[in-house]
Amino acid sequence: MGEMEDLCVSECTRCPALVDSRSQIVNGTGPEDADILFVGEGPGAQEDSQGEPFVGRSGSVLDDQLRIVGLDRDTVRITNCVRCRPPENRDPTADELENCRGYLEQEIELLDPDVIVTLGKVPTEHLLDRDVAVTKEAGSVEDVRINGTPRRLLICVHPAATLYDRSQEETFASALERAAELAGVDGSENASGQTRLDGF
Ligand code: URA
């Protein structure tokens with residue numbers, strides 16, 4: 001089995017409520033050697049129907065901001081804490097998060113990213129294993145052991161937060177800039193291939 005297959009779950013019935021509510025398992029997307037791993041909460045309606053994480057409104061916010069900081073969706077990996085859509089978009093329960101944890105840990109281990117960016121409260125608290133006031137702590141970097149290996153984690157607000165509260169846009173943007181910096185990605189080239197001429 002190739003590494004890409006190891007990053008994907010094709011069958012799972014650990015969470016009875018999610019087996020009922022999902023139409024498919026939504027695995028992470030992006031290269032298996034990506035430097036940056038974004039971790040969201042769980043699939044919503046769009047993700048459940050298309051089988052890809054962050055393809056709805058939050059996904060457009062994420063894509064736009066990635067482009068602005070010189071990153072491209074195709075060069076980063078994007079995944080979720082749980083791979084099946086919870087009913088009515090409720091938060092995943094503690095049991096559901098735990099049931100899916102092994103898949104996330106395996107994805108992190110195989111990818112071995114320079115930085116893990118947690119999008120919102122659920123993934124941040126899940127991976128840091130503590131209460132987090134995400135809007136206050138967004139942009140801060142913490143070292144955390146995941147499955148025994150030290151990892152660098154950058155706290156970020158969920159892209160949807162910028163849709164409800166415009167003041168979060170700046171917080172979101174600077175966190176993504178920091179992620180690009182930490183991964184050593186040159187953000188001076190934007191997605192159109194044009195070098196940004198700051199100050200001109
Ligand atoms: N929100 C998430 O946390 N994950 C998705 O995949 C989509 C929206």
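Residue numbers start at 1 and run along the sequence shown. Computed from a predicted model, the values in this text were never measured in an experiment. We count ligands from 1, going down the list as the structure has it; atoms in each ligand are counted the same way.
- The minimum heavy-atom distance between Ile36 and Ala183, with the atom names listed, is CG1-CB, 3.4 Å.
- Other residues, nucleotides and ligands contribute at most 12 non-hydrogen atoms within 6.0 Å of the CZ atom of Arg57.
- Once rounded to the nearest 0.5 Å, the distance linking CD1 of Ile116 with CD1 of Ile155 reads 12.0 Å.
- With Cys81 as the fixed residue, the side-chain contact (heavy atoms from CB on, under 4.5 Å) test singles out one of Glu96, His126, Arg101: His126.
- Sorted by first then second residue, the ring-ring contact (aromatic ring centres under 6.0 Å, His included) pairs that include residues 72-104, not counting sequence neighbours, number zero.
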Sub-3.5 Å pairs, protein N or O with ligand 1 N or O:
from: ligand 1; atom 1: 1 (N); to: His158; atom 2: NE2; distance (Å): 3.1
from: ligand 1; atom 1: 3 (O); to: Glu41; atom 2: N; distance (Å): 2.8
from: ligand 1; atom 1: 3 (O); to: His158; atom 2: NE2; distance (Å): 3.1
from: ligand 1; atom 1: 4 (N); to: Gly42; atom 2: O; distance (Å): 3.0
from: ligand 1; atom 1: 4 (N); to: Asn80; atom 2: OD1; distance (Å): 2.8
from: ligand 1; atom 1: 6 (O); to: Phe54; atom 2: N; distance (Å): 3.0
from: ligand 1; atom 1: 6 (O); to: Asn80; atom 2: ND2; distance (Å): 2.9

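- Looking only at atom types and distance, the side chain of Asn147 has no donor-acceptor partner in the side chain of Thr149 under 3.5 Å away.
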